[in-house]
Structure formats: structure tokens, C-alpha cells
Amino acid sequence: MANPRVLAIVLAGGEGKRLMPLTVDRAKPAVPFGGVYRLVDFALSNLVNSGYLRIVVLTQYKSHSLDRHIAQAWRMSTQLGNYIAPVPAQQRVGKRWYLGSADAIFQSLNLVNDEKPDIVVVVGADHVYRMDFAAMVQQHIESGAGCTVAGIRTPIEEANQFGVIKTYDEDPRRIEAFLEKPTNPVGLPDSPGEVLASMGNYVFDAKALIEAVTSDSDDPGSRHDMGGDIVPYFVGRGEAAVYDYKENDVRGSTDRDRHYWRDVGTIDAYFEAQMDLVSVHPVFNLYNYDWPLYTHQGPWPPAKFVHGWQGRIGHAVNSIVSPGTVVSGAFVESSVLSPNVNVRSWSTVSESVLMDGVDIGRHAVVRRAILDKNVVVPEGARIGMDPDADRERGFVVTESGITVIGKGQRVTV
Ligand code: ADQ
């Protein structure tokens, strides 16, 4: 297959319960990340940079801001037959929403039948990483497998969050067994403290995928899940292969961020991944134009820093500051500021993530916190200084002590 016809499907319908309250009224793939991005931008940038320009994004829960973002950032000319299109759940096969990610594909098979691809690339929308899917497709075709799963070595303690891959001793590219989120995982023979985890990205022969999700739809015992049911279906038939992410590089990745991949499905993981962006030598480099990360930015003015305080002008260090933001006589450190944030005089913001339109009043202190869109912190308020006080005010405080203030939550002094 010299020049396969490829359709990409982005699974973007997950509820994202573990990211509450950030997912109260937006889908997980629409959660803002890194100041100007939404999580879905990473999967879409990887597909586009890999040369795949026929992409459907399957949405379901609370998809309004996700649809709007895709329309603003990713809609392109259809003149050349290319498209990046959000597709809502349409109840084409009955009056029900998607039962799981495999059912999302089953209910959307009309898209595959219209496009008639040779290969279907299926990816999740909730990870931060760079990956060349063209290299994965090439390995898939060479191996003759029906399904190829992207895998990455991960600490064994995290195995219960992932699909875990066991390969044949004699052929480390073929999958012998696949266990979805096992409670008693077995480590790798050469590294007992690690497992080979599924990254939730798959390449399929189109015909084989159609057969698999169709047969799955008839199975009353199935949870209709890609990881839980479809991958095991291919493994059972001896037709599943693994693509080892760490054996391959993408253009322009640096020594420091080579093979960076983060599942940001929990608040703590989401927070840590943002801190990776603001460390002095970034663990994940946004400034790599060989593999650009695309998004939409509004017509906002440049960020501005004004007014002195303690002999220093209002300033930010080790931080990302987006357009439209004004830091006025305040001190910001190790933080990610989205567009249109105001940080007012004599306030301090450290190790925090401030989303669009957040307003920090004078003399306020914000530490180790995530503030959702348009949250207003009144003059003199303290956030992230006392977990009990934060919980009493109705804010989520995670195990590692990150305070999260949701959209529309009122902050009292
Ligand atoms: P999870 O992320 O737990 O594990 P899931 O919740 O199904 O699996 O989410 C996978 C992707 O599918 C996400 O992008 C989500 O938004 C989307 N999705 C979920 N339900 C959907 C639905 N009904 N309609 C459309 N899209 C939907 C998966 C795999 C594991 C793997 C991890 C890697 O099952 O094997 O290890 O991803 O993070």
C-alpha cells in the first residue's frame, strides 16, 4: 500500500469526571491548557503535522465550546477534499447516546463508508504530546496487523489507569495479551517496575475496524469500549501489533522533551503538565516550529506589564503570559496566564493556572491554584494558603493540595 487513503477519527466525547469542576460545562477535550490551547489541539496538531487532513471529531457531552473552538481554530477549505469536522452524536442506529468509544465509531460508520479509507487512525483527545502518526501507519502496513496500538513504558503503579500490553517474547511487536486497567499488573521482563501502557491511539485497516465494531455492537456483554473490547477482539484473533512510541522521534523534539506524553485526565496531572511548560528549560517545548502546535487566538492586544512595586515593575518570571493580559504592579511566578487576565497592584500569583478573563484584585495572594474562566478574586483574598479554608468556601482541593475554583464560583475574602 504505497499511498494509503487515511481517515482520522478523534474520540472527543468523554465526560472527564475526574477533571471536575473544569468539566462542569465543557467536554474534557475543550479544557484550556497552556494559556492559549485546548486539549484537543494536541491530537489535531499531531494529525495535521503527520499529513492527515481528513479528520472527524466525534463529540457528545457538553460539546458547545468544543464545537466552537474547532470551528474557529480548525475549519479549513474543503476545496481539496480535506476537512476537520466536529460530528455530534446523531442517534443514527437508535434512540440512544454512545454507549462507549467503540459505539461512537459504530454509530458513525457512515463517515467511514463515505470516505472509503484504507486505513483509519483513531486517537483520544486528552493527552499532551507530539507524535508522528505517519510513522505509526507505516509500521502498521509493514507488519500486516489489523490493529496497531501505540504503547509507552509507564511506571507499574499507574497501570490501573491504562490498557496494559503484553507482547510475545519472540516478537516484541505483536500483542499476546491486553488488559484494560488491570489491578494486578505484571511488570516488563527487562524492567519489573514498568508496564507497556496503551496511549489510547490506534491504527486499523478500515475493513477490519468496520467488522470489529459491527460485531461488538451485537455483543450484549460488551462495554463497547475501544480499549476494553475492540483491542482484545484483535488480540484474540492474533491480529494486533504495538507501535513503541519511544522507539520513534518526531521532527524537532529536543533531548529534554523527546517522548513527552502526559495523560492529563486528573486535576493533579493536568496541573503538573502545565508546570512542565513553565520550568526554565521546558520539559515540553511549545516553541518547536518544526512540529507546530496550532490553536485559535482572538484579536487581543499584546500582554502588558506596568507599575512598580518593591522596586520592581509589575512582572512575571518563569511564566507563560497570553495576549490581552495586564500585570499591573503585581508579581507573577511559575504560572500559566490565559488571555485577558488582570493581575492588580500588590498581589502575588505563584504556581497557578489562570484561565481567560480571571481578575486578581489588589493585595490578593494566589498560590498553587487553578482558576477557571472569569473567576474574580476580590481585594485582599487568599487562595491556596489554607486547604481547610478553601474547602469551606466550596472549592475543590486535590490530594496534593491544588485548589480549584470553578466557573461562576464566588470568592469571598
Ligand atoms: P480512558 O481514557 O479511560 O482509557 P475513555 O474514557 O474511553 O478511556 O476515553 C478515551 C477517549 O475516548 C477520550 O478522548 C474520550 O474523550 C473519548 N470517549 C470516551 N467515551 C466516548 C464516547 N462515548 N464518545 C466519543 N468519545 C468518547 C483509554 C484506553 C486505555 C488507554 C488510555 C490512555 O481505554 O486503554 O491506556 O485511554 O490514556
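Order of appearance sets the numbers: ligands from 1, and atoms from 1 within every ligand.
Using a 4.0 Å cut-off between charged side-chain N and carboxylate O, Asp276 and Arg262 make a salt bridge.
Taking the ring axis of Phe284 as reference, the NZ or CZ atom of Arg130 stays within 45° of it and closer than 6.0 Å to the ring centre.
By the side-chain contact (heavy atoms from CB on, under 4.5 Å) test, Pro301 is found to be paired with no residue, residues two or more places apart in sequence or in another chain being considered. Residues satisfying the salt bridge (charged side-chain N to carboxylate O under 4.0 Å, His left out) test with Lys166, not counting sequence neighbours, are Glu176. Residues forming a salt bridge (charged side-chain N to carboxylate O under 4.0 Å, His left out) with Asp126 (at least two apart in sequence, or on another chain): Lys28.
Between the side chains of Trp291 and Asp132, no donor-acceptor pair of N or O atoms lies under 3.5 Å.
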Give one line per pair: atom of ligand 1, protein atom, distance. Only N/O to N/O under 3.5 Å.
| unit_1 | atom_1 | unit_2 | atom_2 | d |
| --- | --- | --- | --- | --- |
| ligand 1 | 3 (O) | Lys181 | NZ | 2.5 |
| ligand 1 | 14 (O) | Leu11 | O | 2.8 |
| ligand 1 | 14 (O) | Ala125 | N | 3.0 |
| ligand 1 | 16 (O) | Gly14 | N | 2.9 |
| ligand 1 | 18 (N) | Gly14 | N | 3.4 |
| ligand 1 | 23 (N) | Gln60 | NE2 | 3.4 |
| ligand 1 | 26 (N) | Gly13 | N | 2.9 |
| ligand 1 | 34 (O) | Glu180 | OE2 | 2.6 |
| ligand 1 | 35 (O) | Gly163 | N | 3.1 |
| ligand 1 | 35 (O) | Glu180 | OE1 | 2.7 |
| ligand 1 | 35 (O) | Glu180 | OE2 | 3.4 |
| ligand 1 | 36 (O) | Gly163 | N | 2.8 |
| ligand 1 | 36 (O) | Ser198 | O | 2.6 |
| ligand 1 | 38 (O) | His127 | NE2 | 2.8 |
| ligand 1 | 38 (O) | Asp263 | OD2 | 3.1 |

